[in-house]
Engineer: 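Sharing a structure with you now.
Values below: every heavy atom of this structure, side chains too, minus hydrogens, waters and symmetry copies. Naming convention: chains lettered A, B, ... in sequence-line order (proteins, then strands); numbering from 1 in each chain. All values derive from a computational prediction rather than experimental measurement.
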Amino acid sequence: MPRVQPEDFRLVKLQELRRLGVDPYGGRFPNTQPIGEILLAFEPESPKRVRAAGRITNLRAMGKASFLDIKDRSGSVQAFFQHKRLGQEKFRIHDQLEPGDLVGVDGELTKTRTGEITIFVDDFTVLAKALLSPPEKWHGLRDPDMRYRRRSVDLFTNEEVAECFLKRSRIVDGIREFLRQRGFIEVETPMMQPLPGGAAARPFITHHNALDIDLYLRVAPELYLKRLLVGGMERVFEINRNFRNEGIDRQHNPEFTTVELYQAYGDYSDMMELAECLVRSLALQIDPGGKLPFGEMEINYAAPFKRLDYFNAFQEANGFPADDVGRVREKARRLGVEEARLGDELVLDRVFEATVEDHIVQPTFVVDYPAALSPLTKPKPDDPRVAQRWDLFIGGMEMGTAYSELNDPQLQEKKFLQQLEGEDEEQETLRTVDDDFLRALAYGMPPAGGMGLGIDRLVMLMTNNPAIREVILFPLLRPRKEG
RNA sequence: GCCCCCUUAGCUCAGUCGGCAGAGCAACGGAUUCUUAAUCCGUGGGUCCAGGGUUCGAGUCCCUGAGGGGGUACCA
């Protein structure tokens, strides 16, 4: 038994092609024009010869003639195959074509009697015989699970899916362009790290045989990018994957892409300006009015984004101050948070999430977080309990975070050690002290602003897809035997 | 992790009160030289997710499990 069972009726056609002396898996087919361009260049009064290649998406056979719809990445065109025009031998080969096959065609571009722009084919090449049928033409491939598992089919069948990933590519291009113009250079730092740092999340663990050491897939690139600041790379960014061994839902995939950047001699207010400008410019590229739908919501990307002071917002939403530990815990219990085994600062964060963050729809910077939640962040000069940090929320999602980066090596060490002391509700969440990073800091890191933005979520907003799996080409799925 | 829903032909789906397993598309045979989801005539196609139970009889009711979807929880 082959691993993938071809459909019998397609094997028959495959054999017939070979019997006719045709290689069903063609070869180079040069000098084609994108179908979209062919259609744009059409002039009714002066028919031209054209050459196109693509997938047969539909086929209407009528005895001695048939119409095939041929689709490439740029568009779709009708091709007319006629016995009279092709001759007995070629028409016989044409009879073996089916929806899903890839063909190259040569012919004259004119209109049919009904006015459809059509390639009147006088020669063609079989480029690939499909041994599995494409999805049914009315409803197509709709089941989300099947769409993710067979993303190839999803992409060539569902126009809007292909479009979404085209947009994603353009968004990433846009981010790179934006940052280059501001003097940032792109770098790549380790995805496999001896110590997972930069965020508190459960890491994936792997093993390197030659060195016989465990390595962690990174949960964040932060500590490496900061080493580059020490090294004198004053404006750096990295667009790459992070890996977190956590749950999967509409906003979370175990591997996800972020852009993380550092700007020497700046701080979190520079990052705020940068983030606002970047996100706004991406939105404006899609809608000149800067208003985009997201599910039931309409998001207005007009500047300036709203600013919300963490402690003021907390007081306003809850009617008591964030440092009233007793009332914070009481509120947490009422919200159904199991607060007993959590530290004060984590309980506060839960209550803040439930009462403030979850209700944010329009682009909003939540500014000045409790320092206890932000160990890599420079505290405010006038109040060490407050960190120079903001989180950006849009459409109910956390889009990113930024700090004035902590560059005091001794304070950093102290904060690392405090993290170790805090009772750890997640046994698997590693909290370690990265001595090598501390050593780098000790050589002197310039004060800097740093920021991370979730690119998948950004794409969700820009393409109006409320599920992260719609914007990741191959989201993680449970493997399935029968396929 | 917990709650709710879904799983029937290659695909998209219907299936009433527990009583012979259904449609469209796709496939196969035929007709058709300007069609547009082509049309017309004909044919074949099922481990009803898996296992167990109730019943004279289960796609349908009950239990267990698997996979998926949605929600919720977790994710400095």
Side-chain angles (χ1 to χ4, degrees), chain A residues 5-10 12-13 57-69 76-86 91 98-100 110-118 120 132-150 153 157 198-203 219-220 242 244-254 256 335-338 342-350 352-354 358 369-377 387 389 391 398 401 403 415 418-419 422 424-426 428-429 431 466-467 469 477-483:
Chain A
Q5 184 62 48
E7 290 161 10
D8 291 342
F9 59 92
R10 288 194 171 247
V12 169
K13 301 233 155 124
T57 55
N58 201 359
L59 192 155
R60 298 175 290 281
M62 288 173 307
K64 292 218 162 72
S66 41
F67 295 90
L68 281 69
D69 296 331
S76 181
V77 69
Q78 174 170 272
F80 188 41
F81 286 66
Q82 222 176 357
H83 184 273
K84 178 171 84 183
R85 201 174 283 258
L86 289 163
F91 201 73
E98 294 164 291
T110 37
K111 276 191 179 175
T112 58
R113 265 176 228 161
T114 52
E116 174 105 6
I117 304 173
T118 299
F120 282 65
L132 294 174
S133 299
E136 186 257 358
K137 63 187 169 192
W138 289 11
H139 308 90
L141 185 61
R142 284 274 93 92
D143 176 38
D145 180 55
M146 203 58 104
R147 284 182 39 233
Y148 305 143
R149 287 184 194 280
R150 302 191 186 165
V153 181
T157 316
R202 267 175 286 182
V219 294
N242 293 328
R244 296 187 182 176
N245 207 338
E246 311 278 0
I248 297 174
D249 63 27
R250 281 163 74 81
Q251 291 179 16
H252 296 85
N253 192 62
F256 60 100
L335 291 167
V337 176
E338 287 177 34
L342 298 180
D344 290 345
E345 68 280 2
L346 286 177
V347 176
L348 170 62
D349 200 47
R350 298 292 152 79
F352 188 79
E353 277 172 21
D358 289 353
Y369 274 68
L373 294 170
S374 319
L376 298 161
T377 312
R389 164 186 166 189
D391 278 18
E398 183 188 338
T401 184
Y403 313 147
K415 283 179 176 283
Q418 277 168 358
Q419 291 288 306
D424 191 354
E425 84 285 5
E426 292 282 347
E428 295 110 311
T429 300
R431 297 194 183 190
R469 293 206 274 192
L477 304 170
R478 192 182 297 276
R480 228 157 60 167
K481 290 177 198 103
E482 163 263 0

Engineer: Between Lys13(A) and Arg10(A), does a side-chain contact (heavy atoms from CB on, under 4.5 Å) hold up when you go through it step by step?
Structural biologist: CA-CA 5 Å; Lys13(A) 301 233 155 124; Arg10(A) 288 194 171 247; 5.7 Å; no
Engineer: Please report the C-alpha distance between Leu376(A) and Lys415(A) in whole Å, then the side-chain angles of each, then the deciding distance to 0.1 Å, and finally whether the side-chain contact (heavy atoms from CB on, under 4.5 Å) criterion is met.
Structural biologist: CA-CA 8 Å; Leu376(A) 298 161; Lys415(A) 283 179 176 283; over 6 Å; no
Engineer: rG1(B) pairs with which nucleotide, Watson-Crick or G-U wobble, both distances below 3.5 Å?
Structural biologist: rU72(B)
Engineer: Side chain of Leu346(A) only, heavy atoms from C-beta on: which candidate in rC34(B), rA76(B), rU33(B) is closest?
Structural biologist: rA76(B)
Engineer: Please tell me which of Gly247(A) and Ala467(A) maps to the more 5' nucleotide of RNA chain B, matching each residue to the nucleotide holding its nearest heavy atom.
Structural biologist: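 This one resolves to Ala467(A).
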Engineer: Partner of rA38(B) by Watson-Crick or G-U wobble geometry, both contacts under 3.5 Å, or none?
Structural biologist: none
Engineer: What nucleic acid atoms does Phe9(A) come within less than 4.0 Å of, heavy atoms only: base, sugar-phosphate, or nothing?
Structural biologist: sugar-phosphate
Engineer: If you compare every side-chain N and O of Arg60(A) against the phosphate oxygens of rA38(B) (OP1, OP2), does one of them come in below 4.0 Å?
Structural biologist: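 Yes, within the criterion.
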Engineer: Could you state the atom-to-atom distance from CG of Leu59(A) to C1' of rC25(B) in whole Å?
Structural biologist: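 Result: 15 Å.
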Engineer: Considering every strand shown, what is the Watson-Crick or G-U wobble mate of rA23(B) when both distances are under 3.5 Å?
Structural biologist: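 rA23(B) is paired, partner rU12(B).
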Engineer: Would you indicate what Thr112(A) reaches in the nucleic acid, counting non-hydrogen atoms under 4.0 angstrom: base, sugar-phosphate, or nothing?
Structural biologist: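 Thr112(A): base contact, heavy atoms under 4.0 Å.
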Engineer: Just the rounded figure in Å: distance from C1' of rC75(B) to CD of Glu398(A).
Structural biologist: 10 Å
Engineer: Can a side chain N or O of Lys13(A) be found less than 4.0 Å away from OP1 or OP2 on rC28(B)?
Structural biologist: yes
Engineer: Could you tell me whether the phosphate oxygens of rC75(B), OP1 or OP2, come under 4.0 Å of any side-chain nitrogen or oxygen in Arg202(A)?
Structural biologist: no
Engineer: Would the base of rU35(B) count as contacting Glu116(A) through its side chain, where contact means a donor and an acceptor less than 3.5 Å apart?
Structural biologist: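 It does not, because no donor-acceptor pair links the side chain of Glu116(A) to the base of rU35(B) below 3.5 Å.
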Engineer: In whole angstrom, what separates Gln78(A)'s CD from rU36(B)'s C1'?
Structural biologist: 7 Å
Engineer: Could you check how far CD of Gln82(A) sits from P of rU35(B), rounded to whole Å?
Structural biologist: 12 Å
Engineer: In whole angstroms, how far is the P atom of rG68(B) from the CZ atom of Arg147(A)?
Structural biologist: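 Taking atom P of rG68(B) as the reference, CZ of Arg147(A) is at 16 Å.
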Engineer: Does Phe120(A) reach a base, just sugar-phosphate, or nothing at all? Heavy atoms under 4.0 Å.
Structural biologist: base
Engineer: For Arg389(A) and Ser374(A), test the side chains for any donor-to-acceptor distance below 3.5 angstrom and give the result as yes or no.
Structural biologist: yes
Engineer: Under 4.0 Å, heavy atoms only, any strand: does Asp249(A) hit a base, just the sugar-phosphate, or nothing?
Structural biologist: base
Engineer: Going by purine N1 to pyrimidine N3 plus the second Watson-Crick contact, or the G-U wobble pair, all under 3.5 Å, which nucleotide sits opposite rU64(B)?
Structural biologist: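 rA50(B) is the nucleotide pairing with rU64(B).
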Engineer: Do Asp349(A) and rC75(B) have a side chain to base donor-acceptor pair shorter than 3.5 Å?
Structural biologist: no
Engineer: Would you mind classifying the nucleic acid contact of Pro375(A) as base, sugar-phosphate or nothing, using non-hydrogen atoms under 4.0 angstrom?
Structural biologist: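 The residue Pro375(A) makes base contact.
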Engineer: What pairs with Phe67(A) under ring pair (Phe, Tyr, Trp, His ring centres under 6.0 Å), at least two apart in sequence or on another chain?
Structural biologist: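 Phe80(A).
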Engineer: What verdict does the side-chain contact (heavy atoms from CB on, under 4.5 Å) test give for Thr157(A) and Thr57(A), after you've listed the backbone C-alpha separation in whole Å, the side-chain angles of each residue and the deciding distance to 0.1 Å?
Structural biologist: CA-CA 9 Å; Thr157(A) 316; Thr57(A) 55; over 6 Å; no
Engineer: Specify the closest pair of heavy atoms between Val219(A) and Ala199(A), including all atoms of both residues, with the distance to one decimal.
Structural biologist: CG2-O, 3.7 Å
Engineer: Does Ala372(A) reach a base, just sugar-phosphate, or nothing at all? Heavy atoms under 4.0 Å.
Structural biologist: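 The answer is nothing, as Ala372(A) stays clear of every strand by at least 4.0 Å.
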Engineer: Let me spell it out: for each of Asp358(A) and Leu477(A), pick the nucleotide of RNA chain B with the closest heavy atom. Which residue's pick is nearer the 5' end?
Structural biologist: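 By nearest-heavy-atom nucleotide position, the 5'-most residue is Leu477(A).
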Engineer: On the nucleotide rG68(B), are OP1 or OP2 found under 4.0 Å from the side-chain N or O atoms that Arg149(A) carries?
Structural biologist: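 For rG68(B), OP1/OP2 do have a side-chain N/O of Arg149(A) under 4.0 Å.
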Engineer: Select one nucleotide: of rC74(B), rA76(B), rU32(B), the one nearest the side-chain heavy atoms of Met62(A).
Structural biologist: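 Side chain of Met62(A) sits closest to rU32(B).
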Engineer: Grab the NE2-P distance between His83(A) and rU32(B) for me, whole Å please.
Structural biologist: 12 Å
Engineer: How many whole angstroms separate atom CG of Asn242(A) from atom P of rC75(B)?
Structural biologist: 18 Å
Engineer: Rounded to whole Å, how long is the line connecting atom CG of Asp344(A) with atom P of rA76(B)?
Structural biologist: 18 Å
